Engineer: 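Mind having a look at this structure? Questions to follow.
Source: prediction; values computed, not measured.
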Amino acid sequence: MTEVISLRAQVEAAVADRWPAFAARHPRLAEQLDQPFLIQLIHDRLRDDPAYQSAMAQALAAGRSAESIGDLLEQIIGAFVGRFLNLK
C-alpha cells in the first residue's frame, strides 16, 4: 500500500506547533492573521520553492520510504514555517 503524504497537512501541523511562540512574540499580529489563509500562503510558497522541490526529487529518486520522506518533510517545513513566522 502506498502512503500519501499531504503537504498541506504537514504545513498545518507546523503552523499549529509554532503558533503559540509566534502569538507570544506578536500578539496583535496573531489576532489579525487568518490562519487558514496563512497556511495556504505557506503551502503555496513551499510547493513552489526550488530547494523543497529538489529535496523531494532527491528523496524520491533515492527510493526513500514514506516514513523517511515524512521525516524530511517535517524538517523542511518546520524550518520554512519558522523563517516565515520569523521564529529562530
Engineer: Show, in sequence, the C-alpha distance, side-chain angles and deciding distance for Asp44 and Gln40, and conclude whether the side chain to side chain donor-acceptor pair (under 3.5 Å) test is met.
Structural biologist: CA-CA 6 Å; Asp44 293 348; Gln40 187 64 47; 2.8 Å; yes

Engineer: To the nearest 0.5 Å, what is the distance between CG on Asp49 and CE on Met56?
Structural biologist: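 With rounding to 0.5 Å, CG (Asp49) is 12.5 Å from CE (Met56).
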
Engineer: Would you name the heavy atoms of Arg18 and Val81 that are closest together and state the gap between them?
Structural biologist: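 Smallest interatomic distance, heavy atoms only, reads CD-CG1, 3.8 Å.
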
Engineer: Any non-hydrogen side-chain atom of Ile76 less than 4.5 Å from a side-chain atom of Leu46?
Structural biologist: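 Yes, side chains in contact.
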
Engineer: Using a 4.5 Å cut-off on heavy atoms from C-beta on, say whether the side chain of Leu38 contacts that of Trp19.
Structural biologist: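 With C-beta onward as the side chain, the pair touches.
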
Engineer: Specify the closest pair of heavy atoms between Phe22 and Leu85, including all atoms of both residues, with the distance to one decimal.
Structural biologist: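 Smallest heavy-atom distance, with atoms named: CD1-O, 3.5 Å.
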
Engineer: How long is the span from the CD1 atom in Ile77 to the CD atom in Glu12, to the nearest 0.5 Å?
Structural biologist: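 Reported value, rounded in 0.5 Å steps: 10.5 Å.
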
Engineer: Considering residues, nucleotides and ligands other than Arg8, do more than 12 of their heavy atoms fall under 6.0 Å from its CZ?
Structural biologist: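 Correct, the count exceeds 12.
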
